[in-house]
Amino acid sequence: MVNAPSPKLSAPLEQGVPPRVRFCPSPTGNPHVGLVRTALFNWAFARHHQGTLVFRIEDTDAARDSEESYGQLLDSMRWLGLDWDEGPETGGPHAPYRQSQRMDLYKDVAEKLLAAGYAYPCYCTTEELDARRDAARAAGKPSGYDGHCRDLGDEQKAAYEAEGRTSIVRFRMPDEAITFTDLVRGDITVQPENVPDYGIVRANGAPLYTLVNPVDDALMEITHVLRGEDLLSSTPRQIALYRALIELGIAKDTPAFGHLPYVMGEGNKKLSKRDPQASLNLYRERGFLPEGLINYLSLLGWSIAEDRDIFGRDELVAAFDIADVNANPARFDLKKAEHINAEHLRMLDVKTFTEACGPWLKAPFAPWAPEAFDAEQFAEIAPHAQTRVTVLSDITANVDFLFLDEPVHDEASWTKAMKEGSDALLVTARAELTAAEWNAEALKTAVLTAGEKHGLKLGKAQAPVRVAVTGRTVGLPLFESLEILGREKTIARIDAALAKLAA
Ligand code: GLU
Ligand code: ZN
């Protein structure tokens, strides 16, 4: 009855059938990098093979799921440009795509599994399970569920129920090894003693992930399951369940599985959801471009070519092959993510860059009064910023000198730039700048000339000027900045610095 012959793993690609993949997060907490990487690989795989990406919400855990998290998931996918073909708000032939709205389906399948003997009610209490597990451990035996309720007779069941016991539904694992070919890891065989019978429905009737996830994959005709390595251990159980579903006419074929490598964070530990570096919202707030983040995240376990790490979405889709995914853990490298993002910022046309800066030029990011912002001035400075910022949020501090009444006074910069003789230099520079024509070239000559008069090279001469005018020792090209700021404000700021030095 139970041990169905192993069906061949589906190979729809070889048969030229477009694949159906799914991204099926649970709406708990904020979206994180690991989740996005999974979504991205499924999306790239679907788009590369002109297949279908199903977006399914696994919200069967009412205690942990939230509408806020659900909203964030949709918003994040849209921000990243990872479009789905079937799913929430889009609909599709297998709607609804939220598991909380599919409870009747799971109940029906659980009943069929029970009726056909693929599953059975288990009456063991937690205490009994714990006690037997401890005893098995002490005896050096496998400590998973021992099959106690596998073959209970009707009388025994009735007796348990008369005692007031409740039962969970447990899936009966076949007594045979399960072998499958992981698309990333190759052949994997798991022995039956390592996969005990497992619960699929709670005593209160609530179906578990172990049931709803493969049932939906079956009903939604998923051909390829690409997901994190942490779920590898559930795959033999799901394959066994699939075989039962095929026998029952509920599933057509077992999907192929590919387990994406772990992402390691600081100290070579698995990047955890709670790790601040893992929060997608953080990257959005810092002003990563979706293109930059997608480029970077695609490199967590995959590469386009040995000598290339900057590429666009279309190139990713054209090149993506699940067979090229590396089984070794991937290392999350923030510096590299920033570098890649910076490259994507450079590739934007100036107008797009200028517009993309928008949110960081307003409250709550911008420290200047809203009416102080001058779009024309910003448009002038933007090209200079575009070649220098790493993330869009860098823009605020780089241009604040234009829109604040007084520059930010960064004490460390002040101490560093204002040395003995800086006042004399500033007096000379003020005179040269006052006499100069107001364009970057002439302003440079003015500061150069002032420096020469004090035996200073350009670099040393421009430092006090920069700090006087912008507040900081580093920033956008100085003479272009002065040109855009204008003569009047520049001279006034030098005067203010001189007054501060004199005090
Ligand atoms: N809802 C599950 C999770 O977020 C999906 C796991 C899977 O891809 O099978 O972990
Ligand atoms: Zn039991």
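Heavy-atom basis, side chains included; hydrogens, waters and symmetry copies ignored. Order of listing sets the numbers, starting from 1, for every ligand and every atom in it. In this chain, numbering begins with 1 at the start of the sequence shown.
Relative to the ring axis of F171, R237 does not place its NZ or CZ within 45° and under 6.0 Å from the centre. A cation-pi geometry, defined here as NZ or CZ lying under 6.0 Å from the six-membered ring centre and within 45° of its normal, does not hold between R165 and Y123.
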Task: Residue pair F332, Y296: steps toward the ring pair (Phe, Tyr, Trp, His ring centres under 6.0 Å) verdict - done: CA-CA 9 Å; F332 190 83; Y296 177 66; 5.3 Å; yes
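The ring of W302 has its center closer than 6.0 angstrom to the ring center of F320.
Between F23 and the options F55, F45, W43, a ring pair (Phe, Tyr, Trp, His ring centres under 6.0 Å) holds for only F55. Partner of Q99 under the side-chain hydrogen bond (donor to acceptor under 3.5 Å, both in side chains) criterion, chosen from D59, D216, D61: D216.
Electrostatic pairing of E67 and R98 counts as a salt bridge here, judged by a charged N lying under 4.0 Å from a carboxylate O. Electrostatic pairing of R284 and D75 counts as a salt bridge here, judged by a charged N lying under 4.0 Å from a carboxylate O. Of the charged side-chain nitrogens involved, at least one lies within less than 4.0 Å of a carboxylate oxygen, so that E89 and R78 count as a salt-bridged pair.
For the Zn ion (ligand 2), the neighbouring protein N/O/S atoms at less than 2.8 Å, given as residue and atom, are C122 SG, C124 SG, Y145 OH, C149 SG.
Listed as neighbours of ligand 1 are R22, C24, P25, S26, E58, Y209, N213, R227, L231, each bearing a heavy atom under 4.0 Å from the ligand.
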